[in-house]
Amino acid sequence: MMNPLLDFSALPRFSEIKPEHVNPAVEQLIAEARAAIVQIEKSESVSWQTIVEPLQDATERLGRAWGAVAHLNAVISSPELRDAHNAALPKVTQFYTELGLNRGLFERYKALSVNAATLSEEQRALLHHELRDFRLSGVELEGTARERYAAIQDALAEAQSKFEDNVLDATNAFTLDVAEAELKGVPADVVTTAREKAKEAGLAEGLCRLTLQGPCFSPVMQYADSALLRAQMYRAYSTRASDEGDVRFDNGAQIEKIMSLRAEEAKLLGFANFAEQSLVTKMADSPKQVLDFIRDIAQRARPFAEKDLSELKAFAASELGIDDLQSPDVGYASEKLRQKRYAFSDEELRQYFPEDRVLAGLFRVVQGIYSVKIVEGKSTSWHKDVRFFEVLDADGARIGEFYFDLYARENKRGGAWADSARDRRIAHAKLQTPVAYMTCNFPAPVGGKPALFSHDDVITLFHEFGHGLHLLLTEVATLGISGFGHVEWDAVELPSQFMENYCWEWDVLAHMTQHAETGAPLPRELFDKMIAAKNFQAGLGALRQMEFSLFDMRLHAEGQPADRTNLLKLLSEVRAEVSVLSPPAYNRMPWSFAHIFGGGYAAGYYSYKWAEVLSADAFGRFEEEGVLSPVAGSAFRKEVLGRGGSRDAMTNFVAFRGRPPTVDALLRHNGMTAN
């Protein structure tokens, strides 16, 4: 029977992929790719068809198979699958390192660039990116430097994977068993789930089992009346994978290794530091420009954050008896203040967002502004809860397909993300349509009732769907620059953050809400309260983002040793500069900061706020022409979503907006303007 990872005839056969399939498939696909490279180097012809297309054919097969393995390891991790993934990872890393260092291929690409005038605009764009990436991959290094660069790539891949494994394992390893009476204030469905987990674990009746997974941790911190319980949960969460938590999963050594390797790699490539190297593929020009941007936003947000904190402390002391407000109390006190000030709670609001109604509302927006149709389809998948959909154009032709994996569960990486299972391309006169998956960690249905999403969950869903649309609605036919291929990293969040704006529009929410018990839509009165509360503690939220961004950029730009003492010293300096509320000394935020130590946001976490400037300004056109305007939607699809990496992000933005971006819309959307 064919190895399912080697079948590229249709959708991935996720339900059939087993750990024992991983290494044979990876080894075969790497061998095939290496053979294709040999043939390319032997060919005397210099053309797109003899150089780029055969290389794309070979590497795409490997990329799709490995992407499926990495995805499964993130969403249904098991010891066997993790072992198979980790055994194959060095082989995949070594191949791509070899590819980037291949001088023969580099010379073939340079020869092709001599005749760039004969290529299409898309082909020229990809060639430009590929030549740059060859140089960033060390192709011009010589002798021992080349060997050391290759070794660094292997070691980095291993350390970053281990970092993420440690965070997942530390999160899953923690449980706290408490009497149900201690959960006063916690929403009923969270208590029900905790009671069921205790029962599954064979605990005595009357006990509940809490975990650090989002659908449990977040509502406990927000609603639990017990200060002791909040403190226990906060400490466990903020010390995950650190020397202050379960030391089996301490990420200290991984952080030191990752930072040392990145600094060494940057020096080999001729950069002063890793931040400079990282910014080559971003819109921002230099670490100084990024630091100035971060500090400018922080300075604008600080007066609002100070006011937020002052009001919260006064409320906590007078109304809750909390005279010394600490980090474990902030979420709880904030929710109580919001309830008093705006007369509604997140839990009350959540009753209006059952899953199917939310999805219907999301699809209504997308179908209306982009003139597409979304229908549920059939496909095998990796878990029974996964849903599958098709995106069709106005004539019913398939544009693309996507998977939704929305619920939290054990052995699933936390957070939310979108990625590609297959990219759009035209090759050998045949169109390949894109396939995406969007992954979240929302509460699953409980007790036979539909899953209920908080408004924050809805925002997350819209955000990830924005990424999905970037993959699905691309009009680029060239692999490598379709979807968000080669889009500057600090512009990748533009489509996702753009979609978040719709979660605050009455004409959207009125069609996507239905009370779980009564069936009534969201009352206009409650919506008006939501809008009034929209920028509640926006100053504190902005400073928190700037804290993470400044820590990330300084860490990668200054080249200090990344041992525990220096990490904590840097974090303390950053908080002293931009924060108004400092966490306790035991807090080990960097030890679980997977965005920069495991994911792709190293020296790039600022990208969220940078792209938010773009997204707020882009949405400004919809505010001017109608938030569901198909005319504005058509232009956004054509000039931004459709162009991928075939043009630089600033050109895309100006083509859509008619001018460069300004920060005004962002400040207005966040309520950070002078009254």
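Keep in mind it's a predicted model, so treat the numbers as computed, not measured.
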Name all residues meeting the salt bridge (Lys or Arg N to Asp or Glu O under 4.0 Å) criterion together with K282; count only those two or more places apart in sequence or in a different chain, and write none if there are none. none

Donor-acceptor pair, H463 side chain versus F498 backbone, under 3.5 Å? no

Cationic N near anionic O, under 4.0 Å, D405 to K412: yes

Compare every heavy atom of T433 with every heavy atom of G400, then report the nearest pair and how far apart it is. CA-CB, 4.4 Å

Give a yes-or-no answer on whether the side chains of Q153 and E265 include a donor-acceptor pair shorter than 3.5 Å. yes

What's the verdict on side chain to side chain donor-acceptor pair (under 3.5 Å) for Y149 and T97, showing C-alpha distance, side-chain angles and the deciding distance? CA-CA 8 Å; Y149 180 89; T97 301; over 6 Å; no

Please say whether the positively charged group of R235, taken as NZ for Lys or CZ for Arg, lies over the ring of Y586, i.e. under 6.0 angstrom from the six-membered ring centre and within 45 degrees of the axis. yes

Donor-acceptor pairs under 3.5 angstrom involving side-chain atoms of residues 592-604: please list them, not counting sequence neighbours.
{"from": "H595", "atom 1": "NE2", "to": "Y608", "atom 2": "OH", "distance (Å)": "3.1"}
{"from": "Y601", "atom 1": "OH", "to": "E493", "atom 2": "OE2", "distance (Å)": "2.2"}

How would you list, by chain and number, every residue that makes a salt bridge (Lys or Arg N to Asp or Glu O under 4.0 Å) with D563, sequence neighbours excluded? none

Would you mind reporting whether F249 and S242 have side-chain heavy atoms less than 4.5 Å apart? no

Side chains of V139 and N102: does their closest heavy-atom pair fall under 4.5 Å? no

Smallest heavy-atom separation, L101 atom then S137 atom, equals CD2-O, 3.4 Å

Indicate yes or no: does E196 engage R209 in a salt bridge with an N to O separation below 4.0 Å. no

How many angstroms lie between CD in E158 and CG in D154, if you round to the nearest 0.5 Å? 8.5 Å

Write out all pairs satisfying side-chain hydrogen bond (donor to acceptor under 3.5 Å, both in side chains) with one or both partners inside residues 17-26, taking only residues at least two apart or from two chains. N23-K91

Return the orientation label for the W382 and Y437 ring planes: parallel under 30°, perpendicular over 60°, tilted otherwise. perpendicular

Salt bridge (charged side-chain N to carboxylate O under 4.0 Å, His left out) between R422 and E401, intermediate numbers included: CA-CA 10 Å; R422 185 176 76 198; E401 298 151 296; 3.7 Å; yes

S420 side chain vs A436 backbone, donor-acceptor pair below 3.5 Å: no

Can you tell me how the ring of F402 sits relative to the ring of F363, calling it parallel under 30°, perpendicular over 60° and tilted otherwise? perpendicular

Minimal non-hydrogen separation, P215 against N441, with atom names: CG-O, 3.6 Å

Does atom CD of Q232 have more than 12 heavy-atom neighbours, drawn from other residues, nucleotides or ligands, at distances under 6.0 Å? yes

What about the rings of F217 and Y237, do their centers lie closer together than 6.0 Å? yes

Side chain to side chain, P354 and L452, heavy atoms closer than 4.5 Å: yes

Step by step, would you call D356 with R387 a salt bridge (charged side-chain N to carboxylate O under 4.0 Å, His left out)? CA-CA 11 Å; D356 281 350; R387 299 175 69 177; 2.8 Å; yes

Can you name the nearest heavy-atom pair linking Y605 to D552, along with the distance? N-OD2, 2.9 Å

Would D133 and H486 satisfy side chain to side chain donor-acceptor pair (under 3.5 Å), going step by step from the backbone distance to the final call? CA-CA 10 Å; D133 287 354; H486 278 115; 2.6 Å; yes

Is the side chain of H428 donor-acceptor paired with the backbone N or O of K430 at a distance under 3.5 Å, no angle test? no

Verdict with reasoning, E32 to Q28, per side chain to side chain donor-acceptor pair (under 3.5 Å): CA-CA 6 Å; E32 290 175 0; Q28 178 176 328; 3.0 Å; yes

Considering all heavy atoms of both residues, which atom of I76 and which atom of L81 are nearest to each other, and what is their separation? O-CD2, 3.9 Å

Whether R564 and E256 form a salt bridge (side-chain N of Lys/Arg under 4.0 Å from carboxylate O of Asp/Glu) is what I want to check. no

With no hydrogens and no angle check, just 3.5 Å: does a side-chain donor-acceptor pair link S9 and D7? yes

Apply side chain to side chain donor-acceptor pair (under 3.5 Å) to Q213 and N172, showing your working. CA-CA 8 Å; Q213 292 173 1; N172 287 339; 3.2 Å; yes

State which residues pass salt bridge (Lys or Arg N to Asp or Glu O under 4.0 Å) with D165; sequence neighbours excluded, sorted by chain then number. R82

Salt bridge (charged side-chain N to carboxylate O under 4.0 Å, His left out) between D423 and R64: does it pass, once the steps are laid out? CA-CA 9 Å; D423 289 322; R64 283 169 60 180; over 6 Å; no

Is a side-chain N or O of N251 found less than 3.5 angstrom from the main chain of W591, in a donor-acceptor match? yes

Quick one: list whatever passes salt bridge (Lys or Arg N to Asp or Glu O under 4.0 Å) with R425, sequence neighbours left out. D57, E60

Determine whether the side chains of R240 and T171 contain a donor N or O and an acceptor N or O closer than 3.5 Å. yes

Rounded distance (nearest 0.5 Å) linking atom CG of L269 with atom CG of L141: 6.0 Å

Would you indicate whether the side-chain heavy atoms of D457 and L406 approach each other to under 4.5 Å? no

Note, I37 side chain near L55 side chain (heavy atom, < 4.5 Å): yes

Indicate the atoms forming the closest heavy-atom contact of A418 with G468, along with that distance. CB-N, 4.3 Å

Close aromatic pair by centroid cut-off 6.0 Å: H85 and W66: yes

Do R262 and F274 meet the cation-pi criteria used here (NZ or CZ under 6.0 Å from the six-membered ring centre, within 45° of the axis)? yes

